[in-house]
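What follows is one structure encoded as C-alpha cells, with my remarks underneath.
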Amino acid sequence: MSNLRHLRVLITGASRGLGREIARVCAQKGASLVLHYGQNHQAMDVLREELGPAVAGSIALDLSSKGAGSKLWAKAREMLPELNGLVNNAAIATPVSFSDEEDGWQDGWSRTLAINLQAPADLCRAAIADFTKTGGGQIINIASRAGQRGDKMDFAAYAASKGGLLALTRTLAKGAATHGVTAYAIAPGWIETDMAPLPGSIRDAAMAETPLGQFAEPKEIAELTAFLLSGTCKSATGATFDVNGASYLR
C-alpha cells in the first residue's frame, strides 16, 4: 500500500466519477487534498464531508475560461501551501460534428481544447514553477485511449485534446526531470462511471471490442494514480499507462 502522507495534491474534476474515486483513494492513503469541481456544489459538499480533514479546501471554477488553470493553481496554493502533486482529471467529451455550422464547430473545438488541454497545460506550467523551488513533485495527466487510436468523427476534438495531453506529458517528463519533477499519463478506455454507455447496442459494441469482457472500475485507475503519485517508480516518468481491458495494445 502506497503511503501518501508526504503529498499535498490538487485534483481537478473531483466531484464525480473518476475524480471522486481518485480523491477517496488518495485521502485513504494519507494525502492532503485540494479538490476542484465545476458546478456540482452538492456533490462536492458530500465528498468533503466523507473525506473530512484530508480536504484542505475545494474550488469551483470553469476551466474553459481564459487563464483558468493558472488561477486554479494559485487558489489551491493559498489553501494548501507547497503543493507537490497534481492530477489533471477534469475533461469533457462533447460531440462536435463536421457538419455543424461554423460557429458551433468553432465553439465546440475551442471549449474542448480549453478544458482538456489548455487548462491542464497551464496547471502543469504553474506546478513546475513551484516544484522546482520545493524539491520536485508528481504530475498525473488522465488522458484517453482515444488520444492514441483516434475516435469517432464527432469526437475528433476530444481525441485531439487527449493526444495533445499525452505529448505534453512526455515533454514535461523529458524537460523537467532534472528539477525533480515526474510526469505520467494514464489512458483509460471505457470506465464504469456515469459517462459509460448505458445497456444497449452501443455498450454491447464497446464490450465486444474489450477482450477482458469488462470496463475498468474507477478504483483501478485511482489506485494506479496513487501509486504513481507516491514516487515509488520515478523511472517510469514519461510513460503512458493503458487501462483498457486489452482493447488497444501498443
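Numbers here are sequence positions counted from 1.
- Here the CG atom belonging to Asn141 is positioned 8.5 Å from the NZ atom belonging to Lys162, to the nearest 0.5 angstrom.
- Between Val25 and Thr225 there is no side-chain heavy-atom pair separated by less than 4.5 Å.
- A donor-acceptor distance shorter than 3.5 angstrom exists from the side chain of Asn3 to the backbone of Arg5, with no hydrogens or angles considered.
- Counting heavy atoms from C-beta outward, Gln214 and Thr210 have side chains that stay 4.5 Å or more apart.
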Just distance, no hydrogens or angles: give the donor-acceptor pairs under 3.5 Å from side chains in residues 198-209, sequence neighbours left out.
| residue | atom | partner | partner atom | Å |
| --- | --- | --- | --- | --- |
| Arg203 | NH1 | Pro197 | O | 3.0 |
| Arg203 | NH2 | Glu192 | OE2 | 2.4 |
| Glu209 | OE2 | Arg149 | NH2 | 3.1 |

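- Considering only heavy atoms from C-beta on, Arg111 comes within 4.5 Å of Asp62 through its side chain.
- Each of Thr240, Asn244, Asp242 was compared with Gln148 under the side chain to side chain donor-acceptor pair (under 3.5 Å) criterion, and only Asp242 meets it.
- For the pair Arg77/Asp130, a side-chain contact is recorded, criterion being any heavy-atom separation below 4.5 Å from C-beta on.
- Judged by distance alone, the side chains of Arg145 and Ser247 do bring a donor and an acceptor atom under 3.5 Å apart.
- Within the 4.5 Å cutoff, side-chain heavy atoms of Ile128 are placed close to those of Ile139.
- Here the CG atom belonging to Asn40 is positioned 8.0 Å from the CZ atom belonging to Arg16, to the nearest 0.5 angstrom.
- Distance alone, capped at 3.5 Å, is enough to place a donor-acceptor pair between the Ser230 side chain and the Phe227 backbone.
- With sequence neighbours excluded, no residue forms a side chain to side chain contact (heavy atoms under 4.5 Å, CB included) with Glu78.
- The number of heavy atoms from other shown groups lying within 6.0 Å of CD (Glu50) is above 12.
- When side chains are defined from C-beta on, Pro188 counts as touching Ile221, because their heavy atoms get closer than 4.5 Å.
- Side-chain atoms of Asp107 never come within 3.5 Å of backbone atoms of Gly104 as a donor-acceptor pair (strictly under, hydrogens ignored).
- Residues Leu229 and Ile140 meet the side-chain proximity criterion, which asks for heavy atoms closer than 4.5 Å.
- To the nearest 0.5 Å, atom CG of residue Asn88 and atom CD1 of residue Ile115 are 12.5 Å apart.
- Atom CD1 of Ile186 sits about 4.0 Å away from atom CD1 of Ile142, to the nearest 0.5 Å.
- For the ring-ring contact (aromatic ring centres under 6.0 Å, His included) condition, no pair includes a residue of residues 163-185, sequence neighbours left out.
- His36 contributes a side-chain N or O that, together with a main-chain N or O of Gly13, makes up a donor-acceptor pair within less than 3.5 Å.
- Put simply, the side chain of Asn84 never gets that close to the backbone of Leu7: no donor and acceptor are under 3.5 Å apart.
- Ring orientation note: the planes of Tyr37 and His41 are nearly perpendicular, at an angle over 60° on the 30°/60° scale.
- Although no hydrogens or angles enter the test, the distance criterion places no donor-acceptor pair under 3.5 Å between the side chain of Thr134 and the main chain of Glu82.
- Under the rule for a side chain to side chain contact (heavy atoms under 4.5 Å, CB included), the partners of Ala126 that lie at least two apart in sequence or sit in another chain are Trp73.
- Here the closest heavy-atom approach between residue Leu47 and residue Ala23 is recorded as CD2-CB, 4.3 Å.
- Considering only residues two or more places apart in sequence or on other chains, Pro95 meets the side chain to side chain contact (heavy atoms under 4.5 Å, CB included) condition with Asp154, Phe155.
- Taken to the nearest 0.5 Å, the CG atom of Leu18 stands 12.0 Å off from the NZ atom of Lys219.
- The backbone N or O of Leu113 lies less than 3.5 Å from no partner atom in the side chain of Ser161, so there is not a single donor-acceptor pair.
- Of the inter-residue distances, the one linking Phe131 atom CZ with Leu86 atom CG reads 6.0 Å to the nearest 0.5 angstrom.
- Using a 4.5 Å cut-off on side-chain heavy atoms (C-beta onward), Met79 and Ile59 make contact.
- Residues forming a salt bridge (Lys or Arg N to Asp or Glu O under 4.0 Å) with Lys234 (at least two apart in sequence, or on another chain): none.
- Looking at Asn116, its side chain does come within 3.5 Å of a backbone N or O of Ile92 through a donor-acceptor pair.
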